[in-house]
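These notes are about the structure you will find just below.
Side chains included, hydrogens not; waters and symmetry mates left out as well; all remaining heavy atoms used.
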Protein chains: 2
Amino acid sequence: MTIRVLIADDQQLVRTGFQMILDAQPDMEVVAAVADGAEAVSEARRLRPDVCLLDIRMPKLDGLEVTRALAGPGVENPLRVVIVTTFDLDEYVYGALRHGATGFLLKDSGPTLLIEAVRAAAAGDALVSPSVTVRLLQHLARPKQAALPVNDPLTDRELDVVRLVAKGCTNQEVAAELFVSLSTVKTHLGSIFTKLGARNRVEIAAWAWESGVVS
Amino acid sequence: MTIRVLIADDQQLVRTGFQMILDAQPDMEVVAAVADGAEAVSEARRLRPDVCLLDIRMPKLDGLEVTRALAGPGVENPLRVVIVTTFDLDEYVYGALRHGATGFLLKDSGPTLLIEAVRAAAAGDALVSPSVTVRLLQHLARPKQAALPVNDPLTDRELDVVRLVAKGCTNQEVAAELFVSLSTVKTHLGSIFTKLGARNRVEIAAWAWESGVVS
DNA sequence: CTAAGGATCGGCCGTTCGGCCGAGGCGGAA
DNA sequence: TTCCGCCTCGGCCGAACGGCCGATCCTTAG
């Protein structure tokens, strides 16, 4: 069961290099190597490779557009797409992943990771370049430290109120949920307003989402 | 400049296997191989290796606790920690990353990825197992498809209102921001309430966060 | 013991919100 | 042209919100 790969990159040398690396693997076969995005879409639809390696910067259609066409939301039989690029800008990463990419490699990653990325994509997994991953992880870990400067930490009870408010509960519903009176809820809310510097309950809800108090 | 590695795993065979793989690399050296979490912390603090490979399941202290002690928030000179485990449960992944881990490997990943993970960690990057990464990416990409069933799509202008409301703006502020009257804002809000089935503006804000309209 | 902070309650008051009616302009589709 | 959807605007009104004052109980720290 060989893994059939399509390569799309506007640079001849890159295409050849990738092809040599992958064809040297006994279980991989490059079935197409194209130079622009439009060609990538048509060839990918015709050949239906197991994995598509796409550059970001390409003529006619860039890699993100091609990804959306081949693997984006709403595509019936999405292909596995790995973005391979020189640029590690965050906008590209998030754009690619939102458009359906299952991998993101930088061209300085070395042949080992390229092979592993193809193998992972063929298996339905996703390999992301370590230098990119570290920033993705920072994004994941960020919400746990305070998003806004909160000098005064909220008490447990206040956090209960915040969570319910962020869900859209009225003060009356919060009171019923916590088995306390409406007055108590309003008192807690007053403390919350002061501590967070919020001006209305929506700002409290926004803080809750940003800080990871609710998910 | 060799990469000095500490291995912590309660299984003798795993420790030996990892050590053989890593010692076979010319630029890597295993400086310690311990069997429980407490030993891992003390040895890591004494030897200060470049990379720590930690199992989740360990006696005395589990891998997450060790990670927090060595690389967690608030640690002055955090060490690079890569979690290596058999279990790919989400709770472990997120727990590890929140506690400061810079890598997450499954034991079925093959020696190639182990080596790459150590190399990445030593460079300050992070390599995560492809089968785990694919779920992390789903978490990132999930918000963009509709979170709640929205039969009636919002118009562009209504989305403008939603975004400002979700930021905590009052109706008056929304009106000023969009250069329309207060009445217009309230009319738009009425349509939004109907379309989303929301009962108050906080539910609109919550929908905005969940659906990715705001980030 | 005393002080401090958290959780619990109450009342008063002005502002904002949200629902419900109405209206007109404007562009595209039938 | 005639419709229809979208954006624009106005008034009215009850309910909810948010600020401000007060108070009691309890636990923990000093």
Checklist outcome for this item: Closest heavy-atom pair, A:Leu54 versus A:Ala40, reported as atoms and distance to 0.1 Å, is CD2-CB, 4.4 Å
Item to check | Side-chain donor/acceptor of B:Thr155 to backbone N/O of B:Glu158, under 3.5 Å | outcome: yes
Next on the checklist: Taking only side-chain N and O atoms of B:Arg199, does any of them lie within less than 4.0 angstrom of OP1 or OP2 on C:dG18?
Outcome noted: no
Item to check | Qualifying residues under side-chain contact (heavy atoms from CB on, under 4.5 Å), relative to B:Val134, sequence neighbours excluded | outcome: A:Asp125, A:Ala126, B:Gln138
Next on the checklist: Rounding to an integer number of Å, can you tell me how far B:Ile204 CD1 sits from D:dA16 P?
Outcome noted: 17 Å
Checklist entry - Where along nucleotides 5-12 of chain D does protein come under 4.0 Å, by heavy atom, of base (B) or sugar-phosphate alone (S), with - for untouched nucleotides? => result -SSBBB-B
Checklist outcome for this item: Taken to the nearest whole Å, CD/A:Glu173 to P/D:dC17 is 8 Å
Item to check | Gap between atoms CG and C1', on A:Leu196 and D:dG18 respectively (whole Å) | outcome: 15 Å
Checklist entry - Which listed nucleotide (C:dG18, D:dA16, D:dG18) is nearest to the side chain of B:Asn200? => result C:dG18
Checklist entry - Among B:Arg57, B:Arg15, B:Lys107, whose salt bridge (charged side-chain N to carboxylate O under 4.0 Å, His left out) with B:Asp9 holds? => result B:Lys107
Item to check | Criterion salt bridge (Lys or Arg N to Asp or Glu O under 4.0 Å) on B:Arg199 and A:Glu173, from CA distance to verdict | outcome: CA-CA 12 Å; B:Arg199 300 178 11 244; A:Glu173 291 168 340; 2.3 Å; yes
Item to check | Phosphate OP1/OP2 of C:dC17 contacted by B:Asn171 side-chain N/O (<4.0 Å) | outcome: yes
Next on the checklist: Can you measure A:Gln172 atom CD to D:dG18 atom P for me and round it to whole angstrom units?
Outcome noted: 14 Å
Item to check | Where B:Ala208 and B:Ala166 come nearest, the two heavy atoms and their spacing | outcome: CB-CB, 3.9 Å
